[in-house]
Amino acid sequence: MTQPNNPPPTDFIRDFIEDDLRTNKNDGVVAVRFPPEPNGYIHIGHAKSVCLNFGIAAQYGGTCNLRMDDTDPAGESLEYVESIIHDIHWLGFDWQGRLFFASDYFEQLYQFAVALIKAGKAYVCSLNAEETREHRGSFTEAGTESPYRKRSVEENLDLFTRMRAGEFPDGAHVLRAKIDMAASNIVMRDPIMYRIKREPHFRTGTDWVIYPMYDFAHCLSDALEGITYSICTLEFENNRPLYDWFVEQLIPGRRPRQIEFARLNVSYTVLSKRRLIELVEKKYVSGWDDPRMPTVAGMRRRGYTPEAIRKFAAAIGVAKNDNLVDVALLEHCVREDLNERAPRAMAVLRPLRVVIDNYPENQVEEFECPNHPQNPEMGTRKVPFSRVLYIENDDFLEDPPKKYHRLGPGREVRLRNAYVIRYESMVKNEQTGQIEEIHCTYDPETRNAPPADGRKIPGVIHWIAADHAVPAEVRLYDRLFRVPEPKDENYTADLNPDSLAILAKCYVEASLKDTIPGTGYQFERLGYFCADLKDSRPGKPVFNRIVPLRDSWAKIAGGGK
RNA sequence: UGGGAGAUCGUUCAAUGGUAGGACAACGGACUCUGACUCCGUGAAUCAAGGUUCAAAUCCUUGUCUCCCAGCCA
């Protein structure tokens with residue numbers, strides 16, 4: 001997966017693993033896992049973790065399991081499982097058949113719980129949720145022990161059996177680990193292991209009415225799978241003592257080591273599952289795969305490539321610092337990848353009609369245009385040229401500013417891959433004053449050649465022959481939020497109202513008529529585009545703008561975007 | 001407030017007691033049939049104060065700031 005010419009990545013986790021390898025701590029075994037909860041689509045933050053875990057497995061000749069952490073049936077579904085599987089494969093990783101579900105271990109986990117009860121280290125607690133919270137104490141005050149903490153092993157066993165059998169309503173009892181209600185780490189204050197929840201599970205159906213909590217299920221699932229490094233995000237640091245506690249009580253031998261790294265934050269977007277779900281459910285976006293979404297599905301539909309996302313993951317690194325990565329870095333990685341692989345084409349987004357007065361009325365020429373300026377191996381394509389063309393509306397200005405290299409009164413410009421044309425006149429709408437078309441003459445000597453007299457033509461613009469133009473819809477995407485860090489409360493107020501602009505009357509060159517959705521092109525001078533995976537149809541293409549080209553003219557001219 | 005973690009260019013990641021470096025961003029310039037790409041260049045940082053040391057981003061002390069934890073979520 002890693003490019004052979006790139007140096008292998010280093011970070012504190014790999015340092016840790018390499019130390020273990022040196023001292024032969026785990027007999028050379030490197031076993032990791034990626035454990036998503038299937039209650040949503042994975043996003044760029046998950047992609048970071050996917051690249052980390054699968055990357056480590058590949059780098060050290062180890063394994064990476066895919067495990068669905070499906071311990072809370074509320075909100076989980078097969079649709080999400082399938083999307084996660086699809087997205088990870090698309091990113092370029094494979095778990096070689098090691099797909100697991102925490103729910104596979106429900107019976108095993110139950111037996112572990114029974115064992116803990118028998119060891120006097122777990123008890124059924126009958127406090128309600130509110131009482132449990134009160135007993136937990138606070139940051140500064142120790143908790144108080146539950147009155148049910150001293151129940152006998154027999155009674156606990158009986159109660160827990162009946163919990164499983166469905167004899168009690170939701171919330172009536174929970175199973176708790178008997179640890180220390182005075183622990184300074186609140187996670188250790190008799191944490192809940194099982195709750196009663198009558199919620200059908202997408203895999204186990206109604207087999208269970210009790211479900212294990214994350215803290216109980218996750219560490220044991222890791223241990224059961226022989227995981228050596230359980231890599232997770234920083235917010236689980238407080239849970240590590242509990243992770244170790246459960247494993248130590250129940251599974252002898254080699255123990256997985258939990259290592260925490262900082263989750264990814266990206267500017268101008270949100271990555272919390274809660275907010276992503278809300279964007280989808282409240283229809284701020286068209287779905288999980290809306291091209292503006294930071295989900296893998298959204299980025300795929302937008303036209304981002306797996307290579308670009310992997311490159312990004314490598315570029316941001318792995319550390320324990322809280323971070324807010326500039327979305328410009330992601331865009332840079334996308335451009336860098338697409339610049340190499342995307343064939344060039346011409347498209348006119350906001351057409352302005354141009355008539356070449358001295359070009360024969362019914363003549364059509366075909367120009368052989370290179371598909372890539374730096375890579376001749378990508379071949380050429382034929383692009384028709386005729387008397388009436390479309391150019392980009394902002395490539396002509398009646399009263400151009402300084403440094404403007406394009407068309408205007410008295411000016412010449414090169415038509416990309418074609419002739420040099422000279423402005424002659426314009427036709428305006430008498431009512432509105434809008435320019436309806438402009439008239440030019442061409443210099444027949446300039447096909448594939450500079451002007452014979454040596455004069456410099458400063459500008460090159462793109463164009464489409466009117467008779468051969470393929471009408472297309474083009475969707476221009478911008479960042480979903482207008483502030484770098486949308487506020488937690490009321491973040492929807494920060495939504496960018498201009499994150500989507502639909503241009504219905506664009507023209508693309510003939511070669512793009514039946515383009516395959518998802519394939520990225522560079523529309524020269526505009527940006528990278530691909531036909532939409534859902535809405536594009538042969539003969540009626542719909543293009544998404546993946547990312548615009550860098551535009552140093554815009555900075556000069558507009559002082560901004 | 002108790003506990004846990006973290007502070008290095010605008011951003012992000014390095015430097016593991018020995019020249020603070022890369023990438024992104026910014027800014028200049030060269031090149032150009034894409035104002036793209038590429039190339040060259042510029043500016044830009046060790047949270048603070050003490051201490052140890054020939055030498056400190058790194059070790060010690062004190063302080064400051066940020067993040068995480070009081071779900072029967074993960």
Side-chain angles (χ1 to χ4, degrees), chain A residues 9-12 15 35-37 39 69 71-72 74-75 125 127-129 132-134 136-143 170-176 183-189 191-197 210-211 213-215 217-218 232-241 260 262 267 273-274 312 314-326 328-333 335-336 339-340 344 346 370 372-374 403-406 413-418 420 446 448-450 457-462 484 522-527 548-557:
Chain A
T10 60
D11 52 64
F12 76 98
D15 290 348
E37 184 188 11
N39 67 348
D69 215 353
T71 56
D72 180 3
C125 177
L127 257 20
N128 66 30
T132 304
R133 184 173 2 100
E134 283 162 5
R136 193 147 34 219
S138 71
F139 290 149
T140 48
E141 294 161 299
D170 289 12
H173 309 282
V174 294
L175 184 72
R176 292 229 246 170
S184 53
N185 182 353
I186 292 174
V187 170
M188 301 299 277
R189 318 239 263 229
I192 293 171
M193 296 163 56
Y194 272 89
R195 72 284 214 188
I196 303 172
K197 199 166 195 166
I210 57 172
Y211 291 97
M213 298 288 290
Y214 165 87
D215 281 309
H218 199 95
C232 65
T233 43
L234 245 30
E235 65 269 26
F236 292 103
E237 269 175 327
N238 294 323
N239 302 53
R240 182 159 19 122
E260 310 86 7
S267 62
K273 203 169 269 182
R274 195 203 100 228
F312 174 71
I316 57 176
V318 178
K320 300 191 75 153
N321 304 328
D322 291 321
N323 59 73
L324 180 64
V325 174
D326 193 339
L329 179 59
L330 214 207
E331 292 172 346
H332 163 80
C333 293
R335 285 193 192 100
E336 189 174 58
N339 177 50
E340 271 184 42
R344 310 295 117 128
M346 290 195 283
H372 195 288
Q374 280 88 32
K403 294 186 183 170
Y404 186 79
H405 293 165
R406 310 174 191 178
V413 74
R414 156 88 53 191
L415 294 176
R416 175 76 167 153
N417 298 312
V420 171
T446 55
N448 292 323
I457 309 297
V460 180
I461 64 172
H462 57 277
Q522 185 195 101
F523 291 174
E524 288 190 291
R525 301 211 310 132
L526 296 172
L549 253 27
R550 291 189 54 172
D551 186 355
S552 54
W553 167 246
K555 286 176 190 168
I556 300 167

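These numbers were taken from a predicted model, which means no experiment stands behind them. Chain naming here is simple, since letters A, B, ... match the order of the sequence lines and numbering starts at 1 in each.
When the P atom is used for both B:G28 and B:G43, the distance is 15 Å, rounded to whole Å. Spacing between B:C27 and B:G3 at atom C1', rounded to whole Å, works out to 46 Å. Taking the P atoms as reference points, B:G18 lies 23 Å from B:A23, given to the whole Å. Comparing B:G4 with B:A44, their C1' atoms are spaced 34 Å from each other, to the whole Å. Nucleotides B:U58 and B:A15 have their P atoms positioned 14 Å apart, rounded to a whole Å. B:A20 and B:C47: their P atoms are spaced 15 Å apart (whole Å). Spacing between B:C59 and B:U46 at atom C1', rounded to whole Å, works out to 15 Å. Here, B:A57 and B:C9 have their P atoms 14 Å apart, quoted to the whole Å.
Each of B:U34, B:U1, B:U12 was ranked by its minimum atom distance to the side chain of A:Val325; first place goes to B:U12. Each of B:G35, B:A14, B:C69 was ranked by its minimum atom distance to the side chain of A:His405; first place goes to B:G35. Among the nucleotides B:G3, B:C72, B:C33, the one closest to any side-chain atom of A:Arg195 is B:C72. Ranking B:G6, B:U34, B:C33 by closeness to the A:Lys320 side chain, first place goes to B:G6.
Searching all strands for a Watson-Crick or G-U wobble partner of B:C54 with both distances below 3.5 Å returns B:G18. Across every strand in view, B:U8 sits unpaired, with no contact that passes the Watson-Crick or G-U test at under 3.5 angstrom. Under the Watson-Crick and G-U wobble criteria, each requiring two contacts below 3.5 Å, nucleotide B:U42 is paired to B:A26.
Residue side chain A:Asn185 does not reach the base of B:G4 through any donor-acceptor N/O pair under 3.5 Å, judged by distance alone. In the interface, the side chain of A:Arg406 is paired with the base of B:G35 through a donor and an acceptor atom under 3.5 Å apart. Donor-acceptor pairing under 3.5 Å, judged by distance alone, is present between the side chain of A:Gln374 and the base of B:A36.
Residues A:Ile457 and A:Pro450 have side chains not in contact (no heavy-atom distance under 4.5 Å, counting atoms from C-beta outward). Side-chain contact between A:Leu234 and A:Asp322 is present, with at least one heavy-atom pair separated by less than 4.5 Å. When side chains are defined from C-beta on, A:Arg195 counts as touching A:Asp72, because their heavy atoms get closer than 4.5 Å. Residues A:Thr132 and A:Arg176 have side chains in contact (heavy-atom distance under 4.5 Å, counting atoms from C-beta outward). No side-chain heavy atom of A:Arg550 sits under 4.5 Å from any side-chain heavy atom of A:Glu331.
Here B:G29 presents its C1' atom at 15 Å from NZ of A:Lys555, a figure rounded to the nearest Å. At whole-Å resolution of the value, CG in A:Asp11 and C1' in B:U12 are 14 Å apart. What separates NE2 of A:His332 from P of B:A26 is a distance of 12 Å, to the nearest Å. Regarding A:Ile196, its CD1 atom lies at a distance of 10 Å from the C1' atom of B:C72, rounded to whole Å. Rounded to an integer number of Å, the gap from A:Arg525 CZ to B:U32 P is 18 Å. Protein atom CG of A:Leu324 is 20 Å distant from nucleotide atom P of B:G6, rounded to whole Å.
Counting only distance, with no hydrogens or angles, the side chain of A:Arg344 and the backbone of A:Gln522 share no donor-acceptor pair below 3.5 Å.
The phosphate of B:G71 has neither OP1 nor OP2 within less than 4.0 Å of any side-chain N or O from A:Thr132. Side-chain nitrogen and oxygen atoms of A:Arg240 include none within less than 4.0 Å of the OP1 or OP2 phosphate oxygen of B:C69. The phosphate of B:U11 (OP1 or OP2) has no side-chain N or O of A:Asn323 nearer than 4.0 angstrom.
Heavy atoms of A:Arg550 sit under 4.0 angstrom from primed sugar atoms or phosphate atoms, though from no base atom. A:Phe236 comes within 4.0 angstrom of a nucleotide base, judged by non-hydrogen atoms across all strands. A:Val318 comes within 4.0 angstrom of sugar-phosphate atoms only, judged by non-hydrogen atoms across all strands, and of no base. At the heavy-atom level, A:Ile192 lies under 4.0 Å from base atoms of the strands shown. Residue A:Gln522 is in base contact, counting any heavy-atom pair closer than 4.0 Å across all strands shown. At the heavy-atom level, A:Asp170 lies nowhere under 4.0 Å from the strands shown. Residue A:Phe312 is classed as having no contact, given no heavy-atom separation below 4.0 Å to the nucleic acid. Residue A:Ala262 is classed as having no contact, given no heavy-atom separation below 4.0 Å to the nucleic acid. Within 4.0 Å (heavy atoms only), A:Ser552 reaches sugar-phosphate atoms of the nucleic acid but no base atom. A:Lys403 comes within contact range of at least one nucleobase, with a heavy-atom separation under 4.0 Å. Contacts of A:Ile461 with the nucleic acid, taken as non-hydrogen atoms under 4.0 Å apart, are absent. Nucleic acid contact for A:Ala319: sugar-phosphate only, since backbone atoms but no base atoms lie under 4.0 Å from a heavy atom of the residue. Residue-level contact check: A:Asn238 touches the bases, meaning some heavy atom is under 4.0 Å from a base atom. Within 4.0 Å (heavy atoms only), A:Pro373 reaches at least one base atom of the nucleic acid.
The stacking criteria are not both satisfied for A:Tyr214 over the base of B:A74, which would need a centre-to-centre distance under 5.5 angstrom and an angle between ring planes under 30 degrees. Here A:Tyr194 does not pack flat against the base of B:C72, since the 5.5 angstrom centre distance and 30 degree tilt limits are not both met.
Taken from CZ in A:Arg416 to CZ in A:Arg525, the straight-line distance is 9.5 Å, to the nearest 0.5 Å.
Syn is the conformation of B:G71, whose glycosidic angle sits no further than 90° from 0.
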